[in-house]
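Here the structure is a predicted model, which means the values were calculated and not measured. Note on naming: letters A, B, ... go to the chains in the order of the sequence lines (proteins, then strands), and numbering restarts at 1 for each one.
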Amino acid sequence: MKIELPSQYDPKATEAPIYAKWLETKAFHAVPDERTNKFSIVIPPPNVTGALHLGHAINGTIQDILTRYHRMLGDNTLWMPGIDHAGIATQAVVEKTVFEKEKKSRHDLGREELVRRIWEWKEQFGARILNQQAQLGASCDWDRTRFTLDEGCAKAVREAFFRMFKDGLIFRGKRLVNWDTHLQTAVADDEIYHETVKGQMTSIKYPVDGSPGEYLIVATSRPETMLGDTAVAVHPDDPRYKHLHGKFVILPLIGRKIPVICDGLLVDPAFGTGVVKVTPAHDPNDYATGVRHNLEQINLLTPDGKVNENGAGEFLGKAYSYVGLKFATATRKQVLADLEALDLIAEKKPHEHEVGHSDRSKTPIEPYLSDQWFVRMGDGEDEITLADGTKSTGLAQAAMTAVTDGRVKITPDRYAKGYLDWLAKKRDWCISRQLWWGHRIPVWSKTIPSNVLTADITKYLTGDSATGGISKYLKEDRRVAFQSRKDDQTGEVFFSVCIGHGEEDAEQEFESSGFVRDPDVLDTWFSSALWPISTMGWPAAGTTSAPEDQLLPYFYPTSVLSTARDILTLWVARMVMFGLYCQGDVPFKNVYVHPVIQDGEGKIMSKSKGNGVDPVDIVNSHGADAMRFTLASMATETQDIRMPVVKDPKTGTNTSPKFDIGRNFCNKIWNASRFILSNIDETAAPIDNAQSPVSVLEDRWILSRLHATIHSVETAIDSFHFAEVAQSLYQFFWTDLCDWYLEIAKARIRSSDAVVQSILLECLTTSLKLLHPMMPFITEEIWSKLPQGSSMLVKTAWPQFNAGRKDPAADKQIAIVQQITSAIREIQNRYPAAKGKDVVIKPRTQELQQIIEQNRATIEVLALGTEAHISENSLTAAKPADAATSVLPDAELYIGGVIDKNAEGIKLKKRAEELHKFIAGNNAKLGNEAFVAKAPEKVVTGLREQLAKQQNELFAIEKTLAELSL
RNA sequence: GGGCGAUUAGCUCAGUUGGUUAGAGCGCAUGCAUGACACGCAUGAGGUCACAGGUUCGAAUCCUGUAUCGCCCACCA
């Protein structure tokens, strides 16, 4: 009849079968239905190449707490999982593998074959990180698992691109990209690491045109770039160079006459000579300057990093050429030598600077001017129309407004600032990447010779045919959009056509008319930005009655996005923009930014540093619940959190003592449950939460505490205070329930008291429910052992908070019981001889005397066992001979015949000293008229009461000391 | 360089709008094989709240400055 559990909780044996059961019962599967209360989260899709790290684990834990909590609340709850194709990272991994195995580069394989290999790789390893998430207990709707490169996402990407292209929000422009001269590809900013290089700062003299003997001196760490200079800049207000405004200098070696321009943004007059050389094609700042002043951009580089035909000229009657030399090395050397020979070097000094290197090839990056596609973020003038019909002065502004007007709430709110600041710059977003793995840009282009008049372009493209070929797309209203851009220098027109979703047959037509598809793919963040809507079926949502088609109208906007702060701009801001533009509503109502876990020294955990902890190792050593509890208890409001890392002596892997907290708590839960279940009858049922009156003090108290806990857990989850959730559950379960209630109630438990059984069951079942979102496996396992019902905990309703169960009177009485009990134990600890001896209690108030009297038995059970008693409890109790004393603010306790005078004296004197300080401080405060006049009455009376107690206690101690003649 | 944050017990962190003697866990010390649990129980020690000013009757909490650390962004001719 009694239920028996094994004496140790074994996560390894428990977790997999429980998870299988959840999947079997489709517990995580969400389908739109008539419910109006719904909750949805889209997972930040981890990189397909990625291995699970603690960041995933803490974020997964948080999302699962929210998801499971809302599921239990009865909300229609969807947690949408998936993975990200992670363009460059994935391509690099596969390229590396191919090279290691076959010694073949991607050029050897060719585009199609490489992409095929990456897909193959994805099929093989892509699900690994999601399986690891499942090991943590994540309750994702795996039936809906998505991939940012799957068919649905491709459709969404194509549609979004098309709309923006058509609206002019996507445009083609020049941009300096980070060029890897070894791999001959552009690389993303975050694929670059900086290395400090010892170089030289060279000051070069540029002769002023028409003023023999006068030079402008510019300093540079990259003298070879001077070959591409198209201006020198000074500050407009710099008096040293006012006379040169509008003048020119002659570029040494090349002989080009270049203007002296005034630019207050580029030039800091206090730095160096206050003159800056401007090389628009090879430096980002100079590029921007060039755009401002309409300067010529002279590209000096070939794709493999050598100087092209622009690197030659004539200076002072002598020809110089650097064509074919390696740019940053041979060219630099030669340029310096030639300048030296001309005596045009004013100064050389050692200079350390940061040089960007490609992660892939480990070679220095060259800024390289090339044509790229951009998303226009908006400059505040042109209005755009969002999908809900409202207007905005650009995508960035729309995303800013969504946060400032509260449609998207960021928690903690300080992160909103970074988000807004970044968007306020409205920097156009370069979305083309020179890669093969990704969504290929759906644009076909053709260069139209300069001799074709603008008006004749259509005719030129369609030839004589009025209906055949591409003409129908050019003339009819099809989902095909056009842009053309004339090159100022050559007069050629670059004619681009974007072929939208549903018009794929047009691709062939355009290609046979000489159009060439853009070789680039889109920045991974482009498809990530569509993630909340693409996973829900956009753009086709709501048009059929198929359940898959109803996701978007039902679950969008999602409820919460949980993420790390580093992608608040790159990802979150862009999702908001695209959500508003494509779907007309924000993608999520809340953004929760969780803290980043660092190692014990405050360093970010990383693979290369070897200071990371692998969550899978922790699942193996401590169990998923233990890890989840620990991670949740670390999810405080702070932005970084430290986790000391140590080597596990058994496995040699990294671990942290922090996880023992969770493991110990699991064990506590297990054993308390074991104890309760082994002591209840099969027929026992939890007490009726709403109705049954409860009369026994400790029963009233534990239910009071239980309901306070329900309330605080709800409040904490709703406000994303996950550490508080962990804290209040830990406090309730371990301290209140196990340390106090179970100990107080043990006698009744042994005597099979029916009431206490119903209370125990109520506490246990409710605790399991409250703990389940955070610790799903162990709670589900224990739940399955309960005498009643066979339903799974995962689908069980969340406990109902009942304010009527809160019982301040019971709280107060138990607090006194605890205080007296601890005081007696303290004496016993101090004087081992006190063990087994009776206690005399002398309370100072009638009320306290009564409460102690009412709980005499309880205190005896907790502190005295069976062999001793409270022999007296009265206001006038006399102190026994040689009594050890415990002086409480409201009472004195004595255990006679045990005293060690000296030890007693030391302790009492120490406390007396403390009291003297407190009393003096309080007297000073209360003697201060300003304080009494200005402080709230509550504070003043509280202080007076406290002072009275302190004086009473001090009086008692001094009396005792006198009696001891100390 | 700009922004954000941190600095509270040996360690990791709480500390709600300023208000009665600043809390927790781990670790440490002492005692304990007590009929759930030694991954446990009981008790205890341990803090000038980074530093210097200021506001206030009153500051861990608000303001200013300094120092150290971390993260994000931009990187300098």
Side-chain angles (χ1 to χ4, degrees), chain A residues 5 7-9 194 201 218-222 225 232-233 266-268 271-279 283-286 353-354 412 414-415 417-418 421-422 425 565-566 568-569 596 598 600-604 622 626 633-634 636-644 656-658 660-679 721 723-724 727 730-731 735 738-739 742-743 746 750 822 825-830 832 835 863 865 889 914-915 917-918 921-922 925 928-936 938-947 949-950:
Chain A
L5 293 183
S7 67
Q8 284 280 333
Y9 172 59
H194 291 266
M201 184 68 78
V218 300
T220 179
S221 57
R222 300 207 55 190
T225 62
V232 291
L266 181 70
V267 183
D268 172 5
F271 189 94
T273 56
V275 187
V276 184
K277 62 194 276 303
V278 184
T279 322
D283 179 278
N285 284 320
D286 293 7
H353 61 133
E354 300 279 302
R414 68 185 123 92
Y415 290 116
K417 186 173 161 36
D421 287 350
W422 186 82
K425 290 183 198 153
R565 67 178 176 280
D566 55 346
L568 206 50
T569 51
V596 169
Q598 306 173 330
E601 271 79 53
K603 303 273 183 265
I604 276 238
H622 290 71
S633 68
M634 296 181 91
T636 58
E637 286 279 271
T638 180
Q639 60 184 22
D640 299 306
I641 190 145
R642 292 182 183 200
M643 174 181 279
S656 173
K658 281 270 171 192
D660 295 348
I661 299 169
R663 193 244 279 136
N664 295 351
F665 189 38
C666 282
N667 199 251
K668 192 72 183 179
I669 293 168
W670 184 258
N671 277 292
S673 304
R674 190 161 79 102
F675 175 64
I676 291 171
L677 290 177
S678 67
N679 280 291
H721 289 113
E724 273 177 41
Q727 171 65 33
Y730 191 92
Q731 161 76 28
T735 307
C738 292
D739 290 347
L742 291 184
E743 295 306 322
K746 251 175 189 166
R750 294 218 177 89
S822 293
R825 287 168 173 172
E826 191 269 326
I827 297 175
Q828 292 168 339
N829 245 281
R830 205 152 27 101
K835 202 89 181 138
E914 244 173 28
L915 284 168
K917 245 190 284 175
F918 293 147
N922 283 339
K925 268 190 201 171
N928 183 335
E929 276 175 40
F931 170 74
V932 178
K934 289 186 185 175
K938 203 177 129 196
V939 173
V940 178
T941 52
L943 205 61
R944 285 210 175 101
E945 278 168 31
Q946 190 201 341
L947 179 62
K949 283 185 185 182
Q950 286 165 343

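You'll find that the side chain of A:T638 is closest to B:rC13, out of B:rC71, B:rC13, B:rA36. Among the nucleotides B:rU12, B:rA24, B:rC39, the one closest to the side chain of A:Q727 is B:rA24. Minimum atom distance to the side chain of A:Q598 is reached by B:rC71, of the listed B:rG44, B:rC37, B:rC71.
In this structure, A:K746 forms a cation-pi arrangement with A:F675, its terminal cationic atom sitting closer than 6.0 Å to the ring centre and no more than 45° off the ring axis.
Residue contacts for A:G865: at a heavy-atom cut-off of 4.0 Å it reaches no nucleic acid atom on any strand shown. Residue contacts shown for A:T569 are absent, as no nucleic acid heavy atom lies under 4.0 Å away. Within the nucleic acid shown, A:K949 has no heavy atom closer than 4.0 Å to any nucleic acid atom.
Using N1 to N3 plus N6-O4 or O6-N4 for Watson-Crick, or N1-O2 and O6-N3 for G-U wobble, each under 3.5 Å, B:rU56 pairs with nothing. Using the Watson-Crick or G-U wobble rule with both distances under 3.5 Å, B:rG47 pairs with nothing in any strand shown. The base-pairing partner of B:rG1, taking Watson-Crick or G-U wobble contacts with both distances under 3.5 Å, is B:rC73. Nucleotide B:rG18 forms a pair with no other nucleotide shown, judged by Watson-Crick or G-U wobble geometry with both contacts under 3.5 Å. Base-pair partner of B:rA9: not found among the strands shown (Watson-Crick or G-U wobble, both distances under 3.5 Å).
A donor N or O paired with an acceptor N or O is found under 3.5 Å between the base of B:rC37 and the side-chain atoms of A:K668.
At least one side-chain nitrogen or oxygen of A:S822 sits closer than 4.0 Å to the OP1 or OP2 atom of B:rU43. In terms of phosphate contacts, A:T636 brings a side-chain nitrogen or oxygen within less than 4.0 Å of OP1 or OP2 of B:rA14. A sub-4.0 Å separation between OP1 or OP2 of B:rG31 and a side-chain N or O of A:K835 is absent. Close to B:rC39, at under 4.0 Å from its OP1 or OP2, lies no side-chain N or O of A:R663.
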TODO: Mind running salt bridge (charged side-chain N to carboxylate O under 4.0 Å, His left out) on A:D640 and A:R565 for me, showing each step along the way?
DONE: CA-CA 10 Å; A:D640 299 306; A:R565 67 178 176 280; 2.8 Å; yes
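The shortest side-chain heavy-atom distance between A:K417 and A:D421 falls under the 4.5 Å cut-off.
One can place CZ of A:R825 at 17 Å from P of B:rC32, the figure rounded to the nearest angstrom.
The same atom, P, is picked in B:rA9 and in B:rA14; the two are 13 Å apart, to the nearest Å. Comparing B:rG70 with B:rC26, their P atoms sit 30 Å apart, to the nearest whole Å. Between B:rC41 and B:rU48, the distance separating the two P atoms is 30 Å to the nearest Å. Rounded to whole Å, the separation between the C1' atoms of B:rA52 and B:rC57 comes to 23 Å. On the C1' atoms, B:rG10 is 30 Å away from B:rC4, given to the nearest whole Å.
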